Structure formats: C-alpha cells, structure tokens
Amino acid sequence: PPLAIYSSTVVTPLLILEIVFPIFSSHIVIKFFGVFSLVKLSTLFSASIPLALLSISISLLAGLLLSRLAKRVQLPAVTAYLVAGILIGPYLLGAFGINGLGFTSHENIKTYGLISDVALGFIAFSIGNEFRLDELKKTGKQALVIGVFQALAATILVDIALFLVHIMMPDVLSVSQLITLGAIATATAPAATLMVVRQYKAHGPLTKLLLPIVALDDAVGLVVFAVSFGIAKTLSNGAVDIISILVNPIIEIVLSLLLGAIMGVVLTYLEKFFNSNTNRLNLTIGIVFLTASLSMLDFHIGPVHISFSSLLVCMMLGTVFCNICPLSHDLMAASDKWTSPLFALFFVISGAELELSVFADIMVVLIGAVYIISRSLGKYFGAGISARLSKCNPNVVKYLGITLLPQAGVALGMAIKAIELGPEGAIVRNITLFAVLVYEIIGPLLTKVALTKAGDIYEEGRQSARELHLASKKI
C-alpha cells in the first residue's frame, strides 16, 4: 500500500496498527488491518513525534543507561555520556539518516546549541561558588600563581615541539599555525572536571585548588590567544593590529567580570523578595539564563570589538552571589540538583559533535599527537613546579597537572577563530578537533584517577545517600 495511509491518524488507541519487528535499516515492517507493509521511519516519525523532543529524550536515556555500564568498570559518568554521544552521532546511529533517532549531521547537532550554551552558563556559575573569600584567603595566591604558570608552560612546550615539526616539515606546518596552536594549549575544560568532582564528591586540598585554577584558565587563555593570534596573523598577512592584540582581549575580560558582578548583585537583591526556597531557586535559574543570554552580545564601537566570555560572566555571577548572599549555600546545592540532567545532555551532545573524520588525515593525527604530548607535559610539569614553589601539599604537586588535561569548548572557540588565517586555519582547526576528541575521552578518567590517588575521592567504605539517611534516623 502507499505510504500516505500511515499518517499520524493511524496511531490511535484503536488496535488497528501493530509494529511487527524492526529491521537494520531506515524502515520497519508494520501490520495494518492484517496487511504487511514496509514503512520508512522518517515518514512515520515526522508525522507523529516532535523530532527535537525525541532526540533529546534518546540522548538523555542513552547517556544514563551507558553511565550504568561505565560504573561497573569504574569509569566516570561523563565518559559514558561522551561515548553515548558518539554512538548516536552522525558517524554511527545518525549515519542511518533516521531523524529523531540519532543526530544525522553536524548541522543537525548545531540546532541544539542552546542546550550547550545554557549548560556552560550553569557550569561556570557553579565554579564561581569556589571563589568564596574565606577560601581564597587560604588558596587564592597559590591558585593565581599556578594558574598562570601552568598555562604559559603548556604554550611554551607546544610552541617548541611544533617548531621542531616545522623545521622538519616546513610545507606542512607554518610558524603562524604553531603559534596559534601554542595559544590554544592554554585552555582547560571546566565542564568535565566539575562533573567528575560532583559525581565522586571529591573534597580535599587538590580539589580546592583545581576548580579556581580551571576557572582562571579562561582569562589567561583569552589574553595569551589574543596576543599569539595577533602575531600569527601578522606573520601570515603582514598586517599589525594592536587593537586586536591588546585592546580587545582586555576589554572582553573587564566587561565580562563587570557584567557578572552586576548580575550577582541583582540576583542577591531580588532574592529578598521571596520567602519560598522554590521561588528563590526559580529566580536563580532565571537570572543565570538572563546572564548567559546577555553574555552573547557582540558588537563594534568603531574599531573596538565589544564581546563577552560567557564562562567569565557566569563565573563572576556565581562568585559575587556566593559571597554576598547568606542563602547562597542552600541555593547552590539546589541548583546543582536541578542541572544534573542538563549537564548529562550537554555531554551527550558534545560527544556527538566530536569529529571522527579527523582520523582520516595522517598528518593531522601525527601533528595532533605531538600537540597532545607536549601540552600534557607542559600542564603536568608547569603545575607541579609552580605548586612546589607555592609550597602546596605534596599530593597537589604530584597530581594537579593530570587534572588539567581535559580540553573542549574554549579551545574549540579559539580554533574557529583561527579560520581567519585562511587555508592555514583549517589545519589548526582539525588538529584542535583531534586533540579535543582524545582529551574528552581520556581526560575525565585521568582526573578521577588523580583525585583518587591524591586522597580527595574515597572509593572504599563510602556510604550511599540512602545509608547516610538511615544512619541519621537511627541517631
């Protein structure tokens, strides 16, 4: 029979349609009034189910189910979410072209960018909670020294290693490309680190230093990238732009911190008008949404580019809020529970976005391997040396560098900016995509191992929430 008879009106409470069995293609076999027919899934779903909602639900379920398997082999949940994204992404399930049952293309994934933007806003907001003044008095100086030193160490080592590659293969990698990649090496992904800390309830000297350092990476990375990329463009086309190199990054950082501080004061003031914790939580969520949207403003005033770093803005929002609002502890805890499914979706979508096609270019893989090894060494030894000079705990000196390896969103944003180099920018982008793919998969696991070895995660004898609840009842 023609496919037209299988419209949404067929799927009714009347038992006149029966799905007989799925087959490994973009079709299923159904029985309609006793007649067997082959029906295209995309036709059936487009008529009866909102595809966006279907994709979101499948993403969340795939991530959660895979996280249960990951727990059995002691892998972090964030790794499971990323792998789930790869499985339902355009290279595997999505390759079948079934809209709604997988991400069919990278263009399709981009339509869910709002989820990533909001999730990153809440991640930065949560990290801002780590900048409480009473804690900063103890660790602030150490975090600042280590944050700057390890970022610059990664840049210098990547520059040196890739310069050696340039000497051997000058036609493959130019000086402007290697300088840009060196700047991208500064960035560390706060999202994966925060998820591991949350999942295992990590707490200790290493964790207290780790989150502020990861947050500082955004500011340090912006400055280093702006200067390095300005030099790279000068080498590439001969034009020197002092405004792009020095003025724009400083303006972006200052305005981002100012906007975040203003919104933190506004949030604290508005909280006074509500007595219910539910309404206070709703207000907090609404202000984070508003702040994330304001941070997307982008315009020019003459030659000056006015833009904001959403991570810095939302981080400053959380920092000001947690320091001036007496209710911040409870509201931050409630916000963390609300954002759990949002973060799971964010990482599944991030996994689907990973470009597996970069493996097809052997030069990208080779240069990417050099980049990964040199950046990892820079992060590890940079963090270790600066932590030792700052007289940190021996476990911090030994394991901090390992926790700074994950790389994702900020690095990808820099790689997109590198497209301005023209054809040379494409190689920078692909090498960054390759590095992000590797770091996103192994980074969370290495972070968990480091936190465990440092004593910030207690694997043995840890009580579940239910056990703690029952114990409190007995007391």
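Note that the coordinates shown come from a computational prediction; the quantities given were computed from them, not determined experimentally. For the single chain, residues carry numbers from 1 onward in sequence order.
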Can you find a heavy atom in the side chain of [X] that is under 4.5 Å from one in the side chain of [Y]?
| X | Y | value |
| --- | --- | --- |
| Leu181 | Arg375 | no |
| Cys392 | Leu209 | yes |
| His203 | Lys208 | yes |
| Ser374 | Leu377 | no |
| Leu173 | Phe163 | no |
| Ile86 | Ile441 | yes |
| His106 | Pro90 | yes |

Exercise. Scan for ring pair (Phe, Tyr, Trp, His ring centres under 6.0 Å) pairs involving residues 125-158, sequence neighbours excluded, and state none if there are none.
Key: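 Applying ring pair (Phe, Tyr, Trp, His ring centres under 6.0 Å) to every pair that reaches into residues 125-158, excluding sequence neighbours, yields nothing.
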
Quiz item: Can you list every ring pair (Phe, Tyr, Trp, His ring centres under 6.0 Å) pair that touches residues 363-395, not counting sequence neighbours?
Solution: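 Pairs touching residues 363-395 that pass the test: none.
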
Looking at [X] and [Y], what are the two nearest heavy atoms and their distance?
| X | Y | result |
| --- | --- | --- |
| Pro76 | Tyr200 | CA-OH, 3.4 Å |
| Thr403 | Ala450 | CG2-CB, 3.6 Å |
| Ser307 | Asp298 | CB-OD2, 3.8 Å |

Quiz item: Is it true that the side chains of Thr79 and Lys448 contain a donor and an acceptor less than 3.5 Å apart?
Solution: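 No, no side-chain donor-acceptor pair sits under 3.5 Å.
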
Hey, can you pull the donor-acceptor pairs under 3.5 Å for the side chains in residues 338-349, sequence neighbours left out?
unit_1 : atom_1 : unit_2 : atom_2 : d
Thr339 : OG1    : Arg198 : NH1    : 3.4
Thr339 : OG1    : Ser335 : O      : 3.1
Thr339 : OG1    : Asp336 : O      : 3.0

Exercise. With sequence neighbours excluded, tell me which residues meet side-chain hydrogen bond (donor to acceptor under 3.5 Å, both in side chains) with Ser309.
Key: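 Counting only residues at least two positions away or on another chain, Ser309 forms a side-chain hydrogen bond (donor to acceptor under 3.5 Å, both in side chains) with Asp218.
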
Quiz item: Can Thr207 and Asp456 be said to form a side-chain hydrogen bond (donor to acceptor under 3.5 Å, both in side chains), step by step?
Solution: CA-CA 7 Å; Thr207 305; Asp456 284 26; 2.7 Å; yes

Quiz item: In Å, rounded to the nearest 0.5 Å, how long is the span from OG1 of Thr319 to CZ of Arg132?
Solution: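 Rounded to the nearest 0.5 Å, the OG1-CZ separation comes to 9.5 Å.
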
Quiz item: Which residues satisfy the ring pair (Phe, Tyr, Trp, His ring centres under 6.0 Å) test with Tyr439, sequence neighbours excluded?
Solution: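 For Tyr439, no residue satisfies ring pair (Phe, Tyr, Trp, His ring centres under 6.0 Å) once neighbours in sequence are set aside.
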
Quiz prompt | Sequence neighbours excluded, every pair satisfying side chain to side chain donor-acceptor pair (under 3.5 Å) that has a member inside residues 282-293 | solution =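 Sorted pair list: Glu271-Thr284.
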
Quiz prompt | Tyr91, OH atom: more than 12 neighbouring heavy atoms under 6.0 Å | solution =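 Enclosed: over 12 neighbouring heavy atoms sit under 6.0 Å from OH of Tyr91.
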
